[in-house]
Colleague: 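Once you've had a glance at the structure underneath, I'll fire off some questions.
The sequence lines fix the lettering, A, B, ..., with proteins before strands; numbering per chain opens at 1.
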Number of protein chains: 2
Amino acid sequence: MGSDTRARLLEAAAQLFREQGYAATGLKQITAEAGAPWGSLYHFFPGGKEQLGVETVGHSGARYQRLFDLVYERAEVGADEAVRDMFRLSAEALETSGWADGCPIATVALEAASTSEPLRHACADVFAGWRAATARRFASEGIEPAEDLAVYVFAAFEGALILSRTGHDAGPLRVTADIVARTIRDRRPRSETASGV
Amino acid sequence: MGSDTRARLLEAAAQLFREQGYAATGLKQITAEAGAPWGSLYHFFPGGKEQLGVETVGHSGARYQRLFDLVYERAEVGADEAVRDMFRLSAEALETSGWADGCPIATVALEAASTSEPLRHACADVFAGWRAATARRFASEGIEPAEDLAVYVFAAFEGALILSRTGHDAGPLRVTADIVARTIRDRRPRSETASGV
DNA sequence: GTCTATAAATGGATAGAC
DNA sequence: GTCTATCCATTTATAGAC
């Protein structure tokens with residue numbers, strides 16, 4: 001094949017953008033981390049840093065979405081429990097990484113919101129995909145309005161991640177998960193409000 | 001007096017950090033925006049960019065908190081309505097600024113989370129202050145657990161701001177405000193659940 | 001004490017050797 | 001087609017003129 005270098009560049013960029021942000025990460029640092037020669041970056045990404053940013057956001061977004069899908073596809077638990085799992089998994093990843101691995105998109109999204117339309121758009125697409133996956137899970141259980149509740153869950157999730165990461169304290173993720181999960185549980189259709197099993 | 005320049009530097013930095021982030025904003029750009037000579041920056045902030053960042057976060061945080069206080073002190077409405085006002089005011093500011101004026105802290109908080117302890121700590125302090133102000137309002141109405149609910153409200157608020165700003169769409173702030181406000185309303189003590197007036 | 005001019009380093013991007 | 005060496009702009013920080 002040969003395009004292994006390209007994959008390593010994307011992976012290195014994803015990790016650095018997640019940890020330090022887009023502007024603070026130099027292209028030299030990315031090639032060094034990926035063990036790739038400097039020139040290979042402009043070979044694989046002729047559009048420079050912005051193209052690399054856009055592709056990295058898509059890459060990170062797709063990878064993170066697989067985690068959501070994994071959680072959501074556990075049919076044996078209710079959507080409220082799936083949401084709680086999502087919060088718990090993220091809290092664990094955040095804490096075991098020394099409060100480094102937060103949302104792989106949020107930092108770039110905020111940095112790019114008013115400075116790069118292509119990058120902002122890439123982030124918006126990722127968020128839309130995550131939201132849609134969540135809404136599908138809700139709709140499949142008759143939890144309505146599924147789209148609005150998915151937006152709400154993601155807002156709470158993203159915000160709690162910021163608070164927990166900034167404070168070096170998993171508390172916000174835990175507390176928010178409890179309240180959000182209860183909100184979702186209360187929206188389940190009547191016929192399933194029994195105790196389960 | 002004489003320290004008018006210092007205030008203008010803080011103000012310019014606050015605006016630029018909010019819009020572009022910390023790493024993407026150059027010190028030269030800040031002095032230019034403030035109409036201050038280049039050297040004055042290191043005169044007033046001998047600690048360089050990091051000191052300016054820390055003080056700017058405190059400055060922005062205090063200013064934003066006054067907005068919260070204003071909303072929360074409207075005793076004639078319930079806490080759920082106060083929360084809704086907070087979301088609505090932010091949505092208006094965001095939209096009328098062309099999706100530029102989001103949270104003045106969040107971008108810097110994420111950028112600094114793993115790169116600057118002084119800056120991260122400054123952001124954490126601001127978030128703690130906002131949360132405490134919200135918790136006081138809840139506690140004054142007997143809405144409990146006030147601290148946990150305040151964390152939840154702020155998580156949802158910060159996340160909705162990200163989603164709305166990234167998507168150029170006030171929808172997430174509106175939708176999230178509705179659900180969060182209802183959650184708070186449902187926590188009001190029994191004696192006040194009547195219709196009001 | 002206030003600011004101009006400069007320094008040392010790093011940023012993203014490119015030209016051209018192999 | 002793949003990468004090394006170089007370029008110029010811009011960054012933060014400082015030294016010293018007024």
Colleague: Between atom OG1 of B:Thr134 and atom OH of B:Tyr72, what is the distance when rounded to the nearest 0.5 Å?
Modeller: 3.0 Å
Colleague: Could you tell me whether B:Asp178 and B:Arg84 have a side-chain N and a carboxylate O separated by less than 4.0 Å?
Modeller: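 Counted as a salt bridge, because a side-chain N and a carboxylate O are separated by less than 4.0 Å.
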Colleague: Salt bridge or not for B:Asp69 and B:Arg66, using N-O below 4.0 Å?
Modeller: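 Looking at B:Arg66 together with B:Asp69, the answer is no, because their closest N to O distance does not fall below 4.0 Å.
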Colleague: Should A:Arg120 and A:Glu117 count as an ion pair when the cut-off is N to O under 4.0 Å?
Modeller: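 Between A:Glu117 and A:Arg120 there is a salt bridge, with a charged N closer than 4.0 Å to a carboxylate O.
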Colleague: Polar pairs (N or O, both sides) under 3.5 Å between protein and nucleotides 14-18 of chain D?
Modeller:
residue : atom : partner : partner atom : Å
D:dT14  : O4   : B:Trp38 : NE1          : 3.3

Colleague: Take the protein atom CG of B:Leu9 and the nucleotide atom C1' of C:dT2, then report the distance between them rounded to whole Å.
Modeller: 13 Å
Colleague: Send over the distance from B:Phe44 CZ to D:dA13 C1', rounded to a whole Å.
Modeller: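 In whole Å, D:dA13 C1' and B:Phe44 CZ are 18 Å from each other.
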Colleague: Could you tell me if the ring centre of B:Phe68 sits under 6.0 Å from that of B:Phe154?
Modeller: yes
Colleague: Would you call B:Arg8 and B:Asp4 a salt bridge, taking side-chain N to carboxylate O under 4.0 Å as the test?
Modeller: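 Yes.
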Colleague: Please list residues of residues 16-32 of chain A whose heavy atoms come under 4.0 Å from any atom in DNA chain C, ordered by number; otherwise none.
Modeller: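 Contacts with DNA chain C under 4.0 Å: A:Thr25, A:Gly26, A:Leu27, A:Lys28.
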Colleague: Respond yes when some side-chain nitrogen or oxygen of A:His43 is under 4.0 Å from OP1 or OP2 of D:dC3, and no when none is.
Modeller: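 So the side-chain polar atoms of A:His43 never come under 4.0 Å of the phosphate oxygens OP1 or OP2 of D:dC3.
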Colleague: Please confirm whether the backbone N or O of B:Ala170 pairs with a side-chain atom of B:Glu95, one donor and one acceptor, at under 3.5 Å?
Modeller: no
Colleague: When the distance from CZ of B:Arg6 to C1' of C:dC3 is rounded to whole Å, what number comes out?
Modeller: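 Nearest whole value for this atom pair: 17 Å.
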Colleague: As an exercise, state the distance from CD1 of A:Ile162 to CZ of B:Phe157, rounded to the nearest 0.5 Å.
Modeller: 11.0 Å
